[in-house]
Amino acid sequence: MKLATWNVNSLNVRLPHVMKWLEENPTDVLAIQETKLTDDKFPLAELEAAGYHVAYTGQKTYNGVAIISRLPIHDIVKNNPKFEDAQQRIIAGTIDGVRVVCAYVPNGQAVGSEKFEYKMAWLNAFHDWIKEQAAQYPQLAVVGDYNIAPEDRDVHDPAAWEGMVHVSPEERAQLKRLLEIGLTDAFRMFEQADKSFSWWDYRSLGFRLNKGLRIDHLLLSDALKQRCTACIIDRVPRKWEQPSDHTPVIATFA
DNA sequence: ATGGCAGGCACCGCCTGA
């Protein structure tokens with residue numbers, strides 16, 4: 001089984017990339033973020049015609065998440081039942097016995113800002129809910145755009161980023177707390193190249209100069225971790241014309 | 001070099017992202 005996560009930065013613009021990527025990279029489950037589409041505008045017909053089941057929840061302009069799956073998706077949950085939120089940032093479903101939570105963690109804008117406080121409150125509630133999900137579903141994958149670079153090696157220039165949003169101690173502590181539930185960062189289970197990132201700024205030749213961050217993650221429960229045989233970042237779609245600023249991260253399971 | 005790019009929405013600039 002292959003499970004991938006990808007922040008597509010507008011599914012309206014990126015649907016051709018998603019379809020092309022799925023054709024070239026057979027994937028059983030693809031979790032996407034930042035669809036930026038209300039549910040009535042979701043490209044259900046195109047994805048179903050290509051043989052996929054989908055679960056989605058969206059809104060206009062911002063946010064929006066979806067799961068695209070070869071097999072049917074059961075027990076779909078939209079948003080965190082423990083957190084009242086108008087923003088559509090979570091969708092979860094069970095596929096072939098694996099619980100997949102697709103999350104678009106708030107950006108946070110700047111440490112100390114109102115949006116940062118929202119990010120912290122959101123992550124507090126997310127932790128509590130994921131802890132319950134982990135108890136309920138032994139095979140659990142919590143994937144998505146976390147908007148947190150776990151360690152300095154996940155940042156192109158740690159000195160320049162020190163204390164900034166995405167790398168602040170408060171955010172890293174939140175990610176650590178999630179891992180302490182009993183989850184493992186799939187990417188770090190394996191040997192990886194230095195300066196491996198999943199996002200690059202559109203500005204300043206970010207991708208060309210590899211000035212990026214690793215902020216898109218697949219966190220696996222112990223039972224799922226045992227089955228995980230590989231985890232890679234696919235930089236290829238970032239080179240396509242009019243790309244998303246994020247690129248897919250893929251985990252393979254026995 | 002403290003800017004820049006991209007998407008959406010509503011206009012011809014502003015907000016947000018990371």
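Proteins get letters first, then strands, A, B, ... in listed order; numbering begins at 1 in each. These figures come from a predicted structure and were not determined experimentally. In what follows, every heavy atom counts, from backbone to side chain, and hydrogens, waters and symmetry copies are set aside.
If you chain together hydrophobic residues whose side chains sit under 4.5 Å apart, A:M164 and A:L213 fall into the same group.
No side-chain N or O of A:W200 forms a donor-acceptor pair with one of A:D245 less than 3.5 Å apart.
Listed by first then second residue, pairs satisfying ring-ring contact (aromatic ring centres under 6.0 Å, His included) with a partner in residues 6-42 of chain A read A:W6-A:W21, A:H17-A:W240, A:F42-A:Y56, not counting sequence neighbours. Residue pairs meeting the side chain to side chain donor-acceptor pair (under 3.5 Å) criterion with at least one partner in residues 218-229 of chain A, sequence neighbours excluded, are A:Q139-A:R227.
Among the atoms of the strands shown, base atoms are found under 4.0 Å from some heavy atom of A:N107. At a threshold of 4.0 angstrom between heavy atoms, the contacts of A:I215 are confined to the sugar-phosphate backbone, with no base atom among them. If you check every strand for non-hydrogen atoms under 4.0 Å, A:N7 touches sugar and phosphate atoms only. Within the 4.0 angstrom heavy-atom criterion, only backbone atoms of the sugar-phosphate kind lie near A:Y104; the bases stay farther away.
When each of A:E34 and A:K211 is assigned the nucleotide of DNA chain B bearing its nearest heavy atom, the one mapping closer to the 5' terminus is A:K211.
Of all nucleotides in DNA chain B, those with any atom nearer than 4.0 Å to a heavy atom of chain A start and finish, going 5' to 3', at B:dG4 to B:dA18.
Taking 4.5 Å as the limit, every side-chain heavy atom of A:K2 sits out of range of all side-chain heavy atoms of A:F253.
Classification of A:D154 and A:R188 as a salt-bridged pair holds, one side-chain N sitting under 4.0 Å from a carboxylate O.
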